[in-house]
Amino acid sequence: MQAAEEIEKLRYPAGRFEFGKHYTFENTKRSIDRLKDFPQSLEDFFRNFKKENLNKTYRDGGWTALQLFNHLVDVYINAYMRTKWLLAEQDAILKPYNENECAKLADSKYKNVEDSIMLIKFLFDRWLFLLESLPQETFNKTIYHPEYKVTISLHELVAMYEWHGYHHLAHLKIINGN
């Protein structure tokens, strides 16, 4: 059995995301720049990923590498749609989904990781195009997160998704022994 501190470090190798921080437009532009790099970072990482590790986990009870690669597709499809809801709806509410149940579905074991990464690349092109088209004041718009019971700005949403991708890339690196 792993000690609680060790489990926490494996669950959150990049640390936990902190809601409620203040974000400036400069912070958000840096997050967008890091997001621009994420699909290529993921693709570069996968090139050297040991394919025999696809069914390994980063911790007891954690998802496999294959589930993580495919989860990132779910994450960013939701990021794109949540951004659109925030922009298009009055009093927008973020629609949570059960990630663990989604990770049990057949498409979470989709073996062509290259396709999943390609989908992320195409999705990012469109999502980041949208984000970069927005005037600065739009990033102050908010969406309510009912699971965490917090109202978050588009600034914070972008920061959360920047963190989320690199958080799971860190899990994949643990699995691969990097």
Centroid-centroid under 6.0 Å between His155 and Tyr23 rings:
no
If I take atom CG from residue Leu87 and atom CG from residue Leu130, how far apart are they, to the nearest 0.5 angstrom?
5.5 Å
Should the pair Tyr148 and His145 be assigned to parallel (<30°), tilted (30 to 60°) or perpendicular (>60°) ring geometry?
tilted
Counting only heavy atoms not in Lys173 (residues, nucleotides, ligands), do more than 12 fall under 6.0 Å from its NZ?
no
Any link between Met81 and Leu72 through a network of hydrophobic side chains (Ile, Leu, Val, Met, Phe, Trp, Tyr) touching at under 4.5 Å?
yes
Ion pair Lys21/Glu18, N-O distance below 4.0 Å
no
Residues Tyr161 and Arg82: side-chain donor-acceptor under 3.5 angstrom
yes
Would you tell me whether His167 and His164 have side-chain atoms, one donor and one acceptor, within less than 3.5 Å of each other?
no
Pair Glu6, Lys9 - check side-chain contact (heavy atoms from CB on, under 4.5 Å), show working.
CA-CA 5 Å; Glu6 184 181 338; Lys9 192 171 187 170; 5.7 Å; no
Check ion pair Glu89-Lys95 (N to O, under 4.0 angstrom):
yes
Closest non-hydrogen atom pair between Asn70 and Ser116, with its separation:
OD1-OG, 2.6 Å
I want to check a possible cation-pi pair here: Arg34 against Tyr166, using under 6.0 Å from ring centre and within 45° of the ring axis as the test.
yes
Between CD on residue Glu147 and CG on residue Asn98, distance to nearest 0.5 Å:
8.5 Å
Electrostatic pair Lys104-Glu101, nearest N-O below 4.0 angstrom:
yes
salt_bridge(Lys36, Asp33) N-O dist < 4.0 Å
yes
Salt bridge (Lys or Arg N to Asp or Glu O under 4.0 Å) evaluation trace for Glu26 with Lys29:
CA-CA 5 Å; Glu26 291 304 314; Lys29 288 193 319 190; 3.2 Å; yes
Going from NZ on Lys141 to CZ on Phe139, what distance comes out if it is rounded to the nearest 0.5 angstrom?
12.0 Å
Is the number of heavy atoms from other residues, nucleotides or ligands within 6.0 Å of CD (Glu5) greater than 12?
no
Heavy-atom closest contact (Leu94 atom, Leu157 atom, distance):
CD1-CD1, 4.2 Å
Roughly how far, to the nearest 0.5 Å, is CD of Glu114 from CG of Leu119?
13.5 Å
Can you label the angle between the Trp163 ring and the Tyr12 ring as parallel, tilted or perpendicular, going by 30° and 60°?
parallel
For the residue pair Trp63 and Thr57, confirm or rule out a side-chain donor-acceptor distance under 3.5 Å.
no
With a 3.5 Å cut-off and no angle check, do the side chains of Thr24 and Asn27 form a donor-acceptor pair?
yes
Using a cut-off of 6.0 Å, state whether more than 12 heavy atoms not belonging to Arg47 lie near its atom CZ.
yes
Phe122 reachable from Phe46 in the ILVMFWY side-chain graph, under 4.5 Å edges
no
List the atom of Arg59, the atom of Leu10, and the distance in Å for their closest heavy-atom pair.
CB-CD1, 3.8 Å
Transitive ILVMFWY side-chain link Val150 to Ile93, under 4.5 Å:
no
What pair of heavy atoms forms the shortest contact from Pro39 to Lys121, and how long is it?
CB-CG, 3.5 Å
Phe69 six-ring face occupied by Lys111 cation (under 6.0 Å, within 45°)
no
May I have the step-by-step check of side-chain hydrogen bond (donor to acceptor under 3.5 Å, both in side chains) for Lys56 and Asn53, ending in yes or no?
CA-CA 5 Å; Lys56 291 185 179 174; Asn53 289 338; 3.0 Å; yes
What class does the angle between the rings of Phe19 and Phe17 fall in, given that below 30° is parallel, 30 to 60° is tilted and above 60° is perpendicular?
perpendicular
Tyr110 reachable from Leu172 in the ILVMFWY side-chain graph, under 4.5 Å edges
no
Which word best sums up how the rings of Phe124 and Tyr76 line up, parallel for under 30°, tilted for 30 to 60°, or perpendicular for over 60°?
perpendicular
